[in-house]
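What you are looking at is a predicted structure, and each value in this text was computed from that prediction instead of being measured. Chain letters run A, B, ... following the sequence lines, proteins first, then strands; residues in each count from 1.
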Amino acid sequence: MSASSDVRVRFAPSPTGPLHMGGVRTALYNYLFARRHGGKFLLRIEDTDQKRFVPGAEDYILEALNWCGLKVDEGVGASGDLGPYRQSERTAIYAQHIGSLMESGWAYKAFDAAEEMEALRKSAEAEGRVWQYDASTRMGMRNSLTLSPQEVASLEAEGVPAVIRFRMPEEPRDVVIDDLVRGKVQISTRVLDDKVLMKADGLPTYHFANVVDDHLMAISHVIRGEEWLPSAPLHALLYEAFGWTAPRFAHLPLILKPTGNGKLSKRDGDQGGFPVFPLEWKDPATGHASSGYRESGYLPEAFTNMLLLLGWNPGNEQEVFRLADAVEAFDLDRVVKSGARFNPDKAKWFNEQHLRSLPLDAVAAQLHATQPTGLNWDLQACHDVADMMLERVSFLSEVWEARWLFERPKSLDAKLVRKRWKADTDELIDGLMEQLDALESFDSASIETAFKAYLEDRGVGFGSVLLPFRILLTGEGGGPSMFAFAAFIGKEETRQRVTAGKSLVQSMQSE
RNA sequence: GGCCCGUUCGUCUAGGGGUUAGGACGCCAGGUUUUCAUCCUGGUAGCAGGGGUUCAAAUCCCCUACGGGCUACCA
């Protein structure tokens with residue numbers, strides 16, 4: 001391998017919609033590999049298919065990478081000397097390079113109509129054969145190999161649409177890809193077809209633009225999804241045709257659907273109850289919104305951590321990684337070969353791990369920034385709530401679902417009331433409130449002391465008073481320390497909740 | 001159909017000739033806790049099948065099955 005300072009990798013998405021989590025993982029592995037080896041992480045936008053271009057997609061990609069903390073060193077969204085980094089702005093470069101391939105005989109112009117080829121394919125299929133545009137068929141087609149230069153010129157003058165195809169070697173040979181995750185992969189050129197390099201609209205196909213750009217941008221390692229493995233030999237041949245040294249390849253395993261068959265697709269998300277996108281996406285054409293990990297309350301480091309372990313492991317038992325830790329640990333040699341089924345449960349677990357390792361101040365700040373409109377808690381209040389709730393939630397957003405934190409309960413858990421309300425419960429609560437009322441400092445520790453003294457005095461157990469107290473304050477049977485919570489809402493609110501709660505109990509009992 | 005890649009608990013994975021096949025998620029049980037949760041302890045469950053090679057195979061080879069990808073003037 002070359003010196004590590006020469007490492008240059010790229011993430012090269014198409015702006016055809018929101019990036020999905022598989023794409024984010026590819027970006028993550030590229031980023032990590034670059035950082036690990038002191039190299040550069042580039043972002044190139046592959047927008048050569050004008051039919052599938054979606055406005056806003058490029059901004060989405062940038063924002064998603066940014067949210068994940070994957071800082072781009074060079075390319076779109078950064079700067080660099082080897083641009084432009086958007087393929088739609090590189091057409092002159094492709095024109096020049098396709099010219100040199102035509103001259104050297106590695107490429108030729110073809111005029112065949114799509115329908116003709118389709119018909120050929122169909123009839124071959126009917127006979128159980130496969131038809132493809134290759135060394136065995138191209139001499140029967142309409143192209144610059146079979147037509148005279150005059151015929152070609154007149155076709156061009158007539159404006160007959162033409163593409164430029166790669167000319168696979170007539171003499172079959174094996175192409176070997178030495179893949180960094182899969183080892184040697186061998187394919188015979190016999191089964192490869194003459195792929196279109198330049199489309200009739202004058203724009204390059206993926207294969208051509210990708211190879212030209214990777215070379216011109218001095219990419220050292222191509223790290224991409226396994227769906228590209230079958231075309232890697234074509235790419236290798238293209239490098240050869242240009243007389244260029246090919247980068248190293250690493251084809252990543254695919255992320256599969258949690259249930260059912262196939263790779264995870266953009267449509268799998270919302271019906272499966274989990275996001276497939278890092279950020280929420282509103283389709284500009286249909287207005288349909290797809291949920292995102294960010295909006296679902298995931299911490300970016302939890303999201304990338306989950307992705308990191310989907311197809312890679314450190315070789316020891318560590319599972320929780322911050323991005324900076326991952327940079328130290330990551331390398332391509334521990335990337336797994338087989339596809340990984342995505343598991344939403346584990347994603348949630350990663351979020352819990354990262355959430356609980358966050359400093360309380362940071363959580364408080366988060367809560368402060370995301371609190372419902374009209375609440376207006378100060379930082380201290382957010383801090384108190386963070387302290388009470390952090391270990392009880394998987395996502396920070398769940399804090400706001402516990403409405404009793406900031407609203408008097410409108411109803412109480414009926415089953416609990418039925419089970420827990422004894423003949424003397426109301427009277428015990430009244431006695432407790434008398435003690436609490438007398439408290440000068442209404443803080444958690446004082447409340448606890450008074451509470452315990454009261455129990456002692458009355459000779460009753462914790463459960464007979466604390467649970468009813470909890471139900472009156474929150475309406476529920478579980479939650480944080482009621483001493484801390486009572487202190488949090490204050491003496492007056494505690495008194496009011498108890499009073500209101502008791503009348504709720506009464507009306508429930510009289511039903 | 002053709003070509004390529006893959007296959008260890010339900011899921012993510014470790015393990016690459018000799019292991020009681022390890023960990024994590026999930027699930028179950030117990031402990032801690034005023035409750036819930038956290039946390040701790042334990043349990044559950046796996047080498048796709050068949051042939052070889054070998055004293056010895058989850059591990060190497062072959063076949064089959066299954067899964068996945070590609071097979072566009074999409075990436």
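Counting non-hydrogen atoms under 4.0 angstrom, A/Asp179 reaches nothing in the nucleic acid. Looking at heavy-atom distances under 4.0 Å, A/Arg341 makes contact with sugar-phosphate atoms alone, never a base. At the heavy-atom level, A/Leu254 lies under 4.0 Å from the strands shown only through sugar-phosphate atoms. At the heavy-atom level, A/Gly477 lies under 4.0 Å from base atoms of the strands shown. Nucleic acid contact class of A/Val465 (heavy atoms, under 4.0 Å, all strands): none. Contacts of A/Pro161 with the nucleic acid, taken as non-hydrogen atoms under 4.0 Å apart, are absent. Backbone-only contact: A/Gly262 has heavy atoms under 4.0 Å from sugar-phosphate atoms and none from a base. Heavy atoms of A/Gly463 sit nowhere under 4.0 angstrom from any nucleic acid atom. Using a 4.0 Å heavy-atom criterion, one finds that A/Asn261 contacts the sugar-phosphate atoms exclusively. Counting non-hydrogen atoms under 4.0 angstrom, A/Lys348 reaches nothing in the nucleic acid. If you check every strand for non-hydrogen atoms under 4.0 Å, A/Val163 touches a base.
For the C1' atom pair drawn from B/U64 and B/G6, the interatomic distance equals 15 Å after rounding to whole Å. Taking the C1' atom of each, B/A45 and B/U11 are spaced 12 Å apart, rounded to whole Å. Only the C1' atoms considered, B/G2 is 22 Å distant from B/C62, to the nearest whole Å. Nucleotides B/A75 and B/U71 have their P atoms positioned 11 Å apart, rounded to a whole Å. A distance of about 16 Å separates the C1' atoms of B/C27 and B/C12, rounded to the whole Å. The gap from the C1' atom of B/G46 to that of B/G15 amounts to 13 Å, rounded to the nearest Å. Atom name P, nucleotides B/A65 and B/G49: the rounded distance is 16 Å, in whole Å. A distance of about 42 Å separates the C1' atoms of B/U53 and B/G42, rounded to the whole Å.
Between the side chains of A/Asn305 and A/His354, at least one donor N or O sits under 3.5 Å from an acceptor N or O. Inspection of the A/Asp213 and A/Tyr94 side chains reveals an N or O donor paired with an N or O acceptor under 3.5 Å. Side-chain contact annotation: A/Glu352 with A/Ser394, donor-acceptor N/O pair under 3.5 Å present.
Closest contact between the side chain of A/Lys263 and the listed nucleotides B/C70, B/U35, B/A75 involves B/C70. Out of B/C73, B/C12, B/C36, the shortest distance to the side chain of A/Ala340 is found at B/C12. Of the candidates B/G69, B/G68, B/A75, B/G69 carries the atom nearest the A/Pro230 side chain, counting heavy atoms from C-beta on. Among the nucleotides B/G22, B/A72, B/U35, the one closest to the side chain of A/Glu317 is B/G22. When each of B/U38, B/G10, B/C70 is scored by its nearest atom to the side-chain atoms of A/Asn343, the top-ranked nucleotide is B/G10. Closest to the side chain of A/Lys195, out of B/U71, B/A24, B/C3, is B/U71. The side chain of A/Gln353 has B/C39 as its nearest neighbour among B/C70, B/C12, B/C39. Looking at the side chain of A/Val130, the nearest of the listed nucleotides B/A75, B/G2, B/C12 is B/G2.
At least one donor-acceptor pair closer than 3.5 Å links the side chain of A/Arg182 to the backbone N or O of A/His251. A/Asn351 contributes a side-chain N or O that, together with a main-chain N or O of A/Leu299, makes up a donor-acceptor pair within less than 3.5 Å. Of the possible donor and acceptor atoms, none in the side chain of A/Arg420 sits under 3.5 Å from a partner among the backbone N and O of A/Gly463.
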Scan nucleotides 5-7 of chain B against the protein and return all N/O pairs shorter than 3.5 Å with their distances rounded to 0.1 Å.
unit_1	atom_1	unit_2	atom_2	d
B/C5	O2'	A/Arg182	NH1	2.4
B/C5	O2'	A/Glu226	OE2	3.3

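Distances shorter than 4.0 Å separate some side-chain N or O of A/Thr48 from OP1 or OP2 on B/A75. Within the structure, a side-chain polar atom (N or O) of A/Arg334 is placed less than 4.0 Å from OP1 or OP2 of B/G15. For the pair A/Asn313 and B/C12, the criterion of a side-chain N or O lying under 4.0 Å from OP1 or OP2 is not met.
Side-chain N/O atoms of A/Lys346 and base N/O atoms of B/A24 include a donor-acceptor pair closer than 3.5 Å. Looking at A/Arg470, its side chain comes within 3.5 Å of the base of B/U35 through a donor and an acceptor atom.
The 5' end of RNA chain B is approached more closely, in terms of each residue's nearest nucleotide, by A/Gly311 than by the other of A/Ala347 and A/Gly311. Toward the 5' end of RNA chain B, the nearer of the two residues A/Gly315 and A/Trp349, judged by each one's closest nucleotide, is A/Gly315.
If you check B/C73 for Watson-Crick or wobble pairing at under 3.5 angstrom, you find it has no partner at all. Within the shown strands, B/G43 is the pairing partner of B/C27 under the Watson-Crick or G-U definition, both distances less than 3.5 Å. For B/U7, the paired base is B/A65 (Watson-Crick or G-U wobble, both distances below 3.5 Å). The base-pairing partner of B/C36, taking Watson-Crick or G-U wobble contacts with both distances under 3.5 Å, does not exist among the strands shown.
Classification of the A/Tyr239-A/Phe249 ring pair by plane angle, with boundaries at 30° and 60°, yields perpendicular. Taking the six-membered ring where tryptophan is involved, the planes of A/Trp106 and A/Phe166 are essentially parallel, since the angle between them stays under 30° and well short of 60°.
One interatomic measurement links the two molecules: CZ of A/Arg10 to C1' of B/A75, which rounds to 12 Å at whole-angstrom precision. Remark: P of B/C73 and CD1 of A/Ile98 are 15 Å apart, rounded to the nearest angstrom. Between the NE2 atom of A/His251 and the C1' atom of B/G68 there is a distance of 15 Å, rounded to whole Å.
Ring-centre distance between A/Tyr298 and A/Phe303: not below the 6.0 Å cut-off.
Legend: residues meeting side-chain contact (heavy atoms from CB on, under 4.5 Å) with A/Ala119, ordered by chain and number and at least two apart, are absent.
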Report, one line per pair, each donor and acceptor closer than 3.5 Å where one atom sits in a side chain of residues 255-262 of chain A; sequence neighbours left out.
unit_1	atom_1	unit_2	atom_2	d
A/Lys257	NZ	A/Asp268	OD1	2.9
A/Lys257	NZ	A/Asp268	OD2	3.0

